[in-house]
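Since the structure comes first, as structure tokens, the remarks are kept for the end.
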Amino acid sequence: MKPWTVIDLFSGCGGMSYGFHRHPAFRLVGAADAQIGKPSSPRGSLQCNSTYELNMGIRPVEVDLARVSPCELRERLGMADGQGIDVLSCCPPCTGFSRANPENHVRDDSRNRLVEKTADFAAALGARVIVMENARELLTGNFRHHFEALKLRLQQMGYEVREEVHNLSEFGLPQQRERALVVGAKSPLRARGLRDIWAGKVVAKDACTVRRALAVRTCQTDPARKFPAFADPMVADRIAAVPCDGGSWIDLARDCRKQHLLTPAMRRILERGKIGSHPDIYGRMWWDRPAPTIKRECAHVGNGRYAHPQEDRLLTVREMATFQGFPVDFQFNGAALSNLYRHIGDAVPPLVSYQVACLIGWILGDPRPVPEDCILSGTHLRKCDIQEPLCIA
């Protein structure tokens, strides 16, 4: 019976929850997050639960999901005996899988075991459908055995499991973001994936560019229209010297008049001749390409290609949120500015989570949705951006 109930674990600022919150067939009944920024940080340091409450209307339980037992979690969420839920969203930290950390090729992060613990949470909460979003390496990396163990356990519990790797620009996100999406549906339900909705349809290429995303109109008094000033004058000079529309510090190295702006680390990289992904640091976005991957440490131009294509500054909180598929009416609560950027980089893009909600509705018994009906209002994406494959310019 509708509305179908949803619980979100590792809820963050609410990226996954927001898609279900905006879908009329679902009702959020619980969420949990310890608000831990890094393993060494104290609980509550990430300050994300207040943003979640501001947008979803419920306060997540502050609990360390690595330590709590499934039965205790059930009690903390206020669930009655015999009560189950329709949908469990469980998106453990992707830090231990992501290729952004080179150590992840050789060292198995202890947080990766939370993937397998999802089966315990699903059993305790009586979930009919499970959805998990994570780094693509969850399915393709050296430690994919955590997913394989989860899949086996879910199958033993009567779930059909569907796993896919997507570049989310396939679904209209104006960003190059490769992610794994896992859907489990308990018999007699059948698991499906986002490509089942998008079969025969594509997004126009010009709809997923930085130019389109930055054209989204926002209120002049929007408190998220802010960015940190450069504390170091040398950083400001460096960005001012980087060419517009896709330039980076590599351009400084090629110009003898600007080489004094190189950092010692940049000089060492040049000496070794192993540039790798480093050209992106102190880089500007390109106007007519999707944004690069928005990572959790996107609050400084020294961490990636996060400078405005033309203006000499970091992208604002609202601009970064637009690349992550947050609608213009999503509110970010009064956390530290660096945490707001972390909330955005950590989140499941709501533009995509709304499509996930449409998918889960189909699994639970709604008619098959079409992509045009899966567009989250308030984002840059429009119905006219969805085309037949041969219609792409």
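Worth saying up front: this structure is predicted, and the values here are computed from it rather than measured.
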Would a 4.5 Å heavy-atom cut-off, applied to side chains only, mark Lys383 and Asp373 as touching?
yes
Is Val165 reachable from Phe147 through a run of hydrophobic residues whose side-chain heavy atoms are each under 4.5 Å from the next?
yes
Closest heavy-atom pair, Val203 versus Ala207, reported as atoms and distance to 0.1 Å, is CG1-CB, 3.9 Å
Should Val317 and Ile344 count as side-chain neighbours, where that means a heavy-atom distance under 4.5 Å?
yes
Step by step, would you call Asp385 with Arg212 a salt bridge (Lys or Arg N to Asp or Glu O under 4.0 Å)?
CA-CA 11 Å; Asp385 295 325; Arg212 167 66 80 81; 2.9 Å; yes
To the nearest 0.5 Å, how far apart are CG in Leu173 and CG in Leu381?
9.5 Å
Qualifying residue, where the test is salt bridge (charged side-chain N to carboxylate O under 4.0 Å, His left out) with Glu163 and the options are Lys151, Arg179, Arg195
Lys151
Heavy-atom closest pair, residues Thr118 and Pro92
OG1-CG, 4.3 Å
For Leu88 and Ala127, work out which heavy atoms get closest and say how close.
CB-CB, 3.7 Å
Once you measure the plane-to-plane angle for His300 and Tyr282, does it fall in the parallel (<30°), tilted (30-60°) or perpendicular (>60°) bin?
perpendicular
Mind checking side-chain hydrogen bond (donor to acceptor under 3.5 Å, both in side chains) for Tyr52 and listing every partner two or more places apart, or none if nothing turns up?
Ser17
Kindly give the heavy-atom pair with the smallest separation between Ala357 and Gly19, and that separation in Å.
CB-O, 3.7 Å
Leu150 and Met132: side chain to side chain contact (heavy atoms under 4.5 Å, CB included), yes or no, with the steps?
CA-CA 11 Å; Leu150 169 65; Met132 176 183 293; 3.8 Å; yes
So do Leu138 and Val115 actually touch side chain to side chain, heavy atoms under 4.5 Å?
yes
Look at the side chain of Glu116 and the backbone N and O of Arg113, then say whether any donor-acceptor pair between them is shorter than 3.5 Å.
no
Atom CD1 of Ile386 and atom CD of Glu372: how far apart are they, to the nearest 0.5 Å?
4.5 Å
Say whether, by atom type as modelled, one donor and one acceptor occur between the side chain of Asn55 and the main chain of Thr51 under 3.5 angstrom.
yes
Does Arg27 qualify as a cation-pi partner of Trp4, given the criterion of NZ or CZ under 6.0 Å from the six-membered ring centre and within 45 degrees of its axis?
no
Answer whether the closest heavy-atom distance between the side chains of Val301 and Arg313 falls below 4.5 Å.
no
Do you reckon Leu54 sits in the same ILVMFWY cluster as Tyr18, going by side-chain contacts under 4.5 Å, direct or chained?
no
Side-chain ion pair, Arg136 and Glu178, N-O less than 4.0 Å:
yes
Holding to ring-ring contact (aromatic ring centres under 6.0 Å, His included), I want the full list of residues that pass it with His308, two or more places apart in sequence or in another chain.
Trp287
Would the distance check show the side chain of Arg289 and the main-chain N or O of Val210 forming a donor-acceptor pair, the cut-off being under 3.5 Å?
no
Do Arg225 and Thr218 have a side chain donor and acceptor closer than 3.5 Å?
yes
Would you name the heavy atoms of Thr322 and Ala213 that are closest together and state the gap between them?
CG2-O, 3.4 Å
Worked check of side chain to side chain contact (heavy atoms under 4.5 Å, CB included) between Met16 and Glu133:
CA-CA 9 Å; Met16 179 64 90; Glu133 189 261 14; 4.2 Å; yes
Is there a donor-acceptor contact under 3.5 Å from the side chain of Gln324 to the main chain of Ala321?
no
Electrostatic pair Asp366-Lys2, nearest N-O below 4.0 angstrom
yes
Arg190 atom CZ, neighbour heavy-atom count above 12 within 6.0 Å:
no
Nearest heavy-atom approach of Asp33 to Ser11 is OD2-N, 3.2 Å
Side chain to side chain contact (heavy atoms under 4.5 Å, CB included) evaluation trace for Phe143 with His145:
CA-CA 5 Å; Phe143 304 113; His145 63 272; 3.9 Å; yes
Check whether any side-chain N or O of Glu319 sits under 3.5 Å from a backbone N or O of Thr316 as a donor-acceptor pair, and report yes or no.
yes
Does any donor atom in the side chain of Asp86 or Thr5 lie under 3.5 Å from an acceptor atom in the other side chain?
yes
Does a salt bridge link Glu311 with Arg284, judged by any charged N lying under 4.0 Å from a carboxylate O?
no
Quick one: SG on Cys90 to CG on Leu65, what's the gap to the nearest 0.5 Å?
7.0 Å
Is any NZ, NE, NH1 or NH2 atom of the basic residue among Arg162 and Glu164 found under 4.0 Å from an Asp or Glu carboxylate oxygen of the other?
yes
Could you go through residues 228-236 and list every donor-acceptor pair under 3.5 Å that involves a side-chain atom there, pairing it with any protein atom two or more places apart or in another chain?
residue	atom	partner	partner atom	Å
Asp232	OD1	Met234	N	2.9

Kindly work out whether a path of hydrophobic side-chain contacts (I/L/V/M/F/W/Y, heavy atoms less than 4.5 Å apart) joins Leu214 to Val216.
no
Path from Leu189 to Val356 over hydrophobic side-chain contacts below 4.5 Å
yes
Is it the case that the side chain of Asn167 and the backbone of Gln176 share a donor-acceptor pair, with hydrogens and angles ignored and the cut-off at 3.5 Å?
no
For the backbone of Pro309 and the side chain of Asp245, can you confirm whether one donor and one acceptor N or O come within less than 3.5 Å of each other?
no
Let me check something: any side-chain donor-acceptor pairs from residues 325-340 under 3.5 Å, sequence neighbours excluded? List them with distances.
residue	atom	partner	partner atom	Å
Asn333	ND2	Ser50	OG	3.1
Ser338	OG	Arg342	NH1	3.3
Asn339	OD1	Arg342	NH1	2.9
Asn339	ND2	Ser45	O	2.9
Asn339	ND2	Leu46	O	3.4
Asn339	ND2	Gln47	OE1	2.7

Ignoring hydrogens and angles, tell me if any N or O in the side chain of Arg177 forms a donor-acceptor pair with the backbone of Thr293 under 3.5 Å.
no
Could you tell me whether Phe20 and His23 have their ring centroids closer than 6.0 angstrom?
no
Donor-acceptor side-chain pairing of Glu62 and Asn49 below 3.5 angstrom
no
Can you sort out the partners of Ser69 under side-chain hydrogen bond (donor to acceptor under 3.5 Å, both in side chains), two or more places apart, ordered by chain and number?
none
How long is the straight-line distance from CD1 of Ile250 back to CG of Asp255, given to the nearest 0.5 Å?
13.0 Å
Spacing of Lys186 atom NZ and Tyr159 atom OH [to the nearest 0.5 Å]:
4.5 Å
With a 4.5 Å heavy-atom cut-off, do Leu359 and Arg192 have their side chains touching?
yes
Just verifying a value: how many Å separate Glu160 CD and Ile363 CD1, rounded to the nearest 0.5 Å?
9.0 Å
Between Trp286 and Arg305, is there a cation-pi geometry (under 6.0 Å to ring centre, at most 45° from the normal)?
yes
Under the ring-ring contact (aromatic ring centres under 6.0 Å, His included) test, which residues partner His380, sequence neighbours left out?
none
Using atom types as modelled and distance alone, determine if a side-chain donor or acceptor of Asp251 lies under 3.5 Å from a backbone N or O of Ser248.
yes
Got a donor-acceptor contact below 3.5 angstrom from the Gln175 side chain to the Phe323 backbone?
yes
